[in-house]
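Both counts, for ligands and for their atoms, begin at 1 and track the order of listing. The analysis underlying the following values was restricted to heavy atoms, covering all of them including side chains, and did not include hydrogens, waters or symmetry mates. Along the sequence shown, the residues carry numbers beginning at 1.
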Amino acid sequence: MNPKIIHDPEAMQHWSLTERAAGRILGLVPTMGYLHRGHLSLMETLRPQVDRLVVSIFVNPIQFGAGEDLDRYPRDWDGDLAACRNAGVDVIFAPEPAAVYPAEFQTAVSVARLTAGLCGALRPGHFDGVTTVVAKLFNLTLPHRACFGEKDYQQLAVIRRMVADLAFPVEIVAAPIVREDDGLALSSRNVYLSAADRHAALGLSRGLFAARKRYAAGERRAVELAGTAHRTIVDHAGDACALEYLVVCDARSLEEIVTVDRETVIALAAKVGRTRLIDNIILAANPEATGKNP
Ligand code: AMP
């Protein structure tokens with residue numbers, strides 16, 4: 001079945017209100033389109049949990065900074081439609097920017113501390129753009145559940161915070177990172193990579209995996225884990241991966257830590273050629289170190 005396509009925000013909200021009134025459970029997967037297996041995994045995660053699955057496709061202009069890739073962000077409407085059809089999506093919500101942000105629009109949703117570091121420090125205004133659009137998408141699609149990928153780990157943490165702080169009646173479902181067979185995290189932006197860039201970019205996941213291996217072997221010092229990741233990236237890619245940050249953080253607060261004694265994320269961002277990539281791995285809490293072991 002072809003998904004129903006809705007462009008108009010009011011029509012979207014009306015559809016959702018009607019479905020909710022009929023007692024149906026609604027799910028939302030927000031995306032910027034150019035759908036790949038990472039997006040599909042979010043749809044597969046949510047599909048069995050809901051009666052109606054909505055996928056939004058909206059390249060949100062206010063989350064792009066000056067000089068970022070808004071103008072060349074990849075788009076493939078026909079491919080996205082086919083992907084949604086195969087995934088059993090009920091509705092594609094694809095509004096125009098002018099409908100989401102009419103001329104009089106002047107409201108922002110902003111999460112404070114969680115956006116201070118990592119990508120938030122390097123992309124001023126980015127997360128305000130994300131939380132503002134996600135809040136609006138929630139109000140237009142009225143989902144009971146919404147699925148976000150761990151690929152954008154800070155975004156997931158920020159959305160969870162917004163939902164808790166503002167009491168959105170939406171359950172946030174997280175889905176793990178989908179990778180290529182060789183380890184590269186899937187991203188719509190991978191299409192920008194030349195063959196040489198693509199090879200260099202592989203260093204990023206290799207670095208994270210090397211750190212995870214050292215963690216599994218017992219290393220708990222953040223500086224050592226970061227050092228291993230960094231060296232692996234440089235050994236693989238030389239200066240073709242320009243790291244913007246590589247940090248070992250508390251998985252909840254996203255504050256940098258010295259010792260991995262709780263659930264931790266190692267997160268990085270790098271420029272490969274003109275393309276900005278992000279990746280991360282989660283290190284599960286060590287029960288012995290946290291003293292929770294019986
Ligand atoms: P985007 O279209 O890049 O804004 O991403 C839309 C959603 O898909 C976000 O929740 C992302 O975290 C998620 N996503 C993107 N790439 C991946 C991936 N490789 N694995 C899992 N989720 C992903």
Test D90 against R47 for salt bridge (Lys or Arg N to Asp or Glu O under 4.0 Å), laying out the working first. CA-CA 10 Å; D90 295 294; R47 182 66 277 189; 3.0 Å; yes

Value rounded to 0.5 Å, distance of CD in E96 from CG in D8: 11.0 Å

With sequence neighbours left out, the residues meeting ring-ring contact (aromatic ring centres under 6.0 Å, His included) with H126 are none

Give me each pair satisfying side-chain hydrogen bond (donor to acceptor under 3.5 Å, both in side chains) with a member in residues 56-70, each pair once, sequence neighbours excluded. N60-Q63, N60-Y101, E68-R123, D69-R189, D69-Y192

So, using ring-ring contact (aromatic ring centres under 6.0 Å, His included) as the criterion, who are the partners of H14 when residues are at least two apart? none

Report the distance from atom CG of L283 to atom CD of E219, rounding to the nearest 0.5 Å. 11.5 Å

I need the contact residues for ligand 1: any residue with a non-hydrogen atom closer than 4.0 Å to the ligand, ordered by chain then number. P30, T31, M32, H36, G38, H39, L42, Y73, F148, G149, K151, D152, Q155, P176, I177, V178, L186

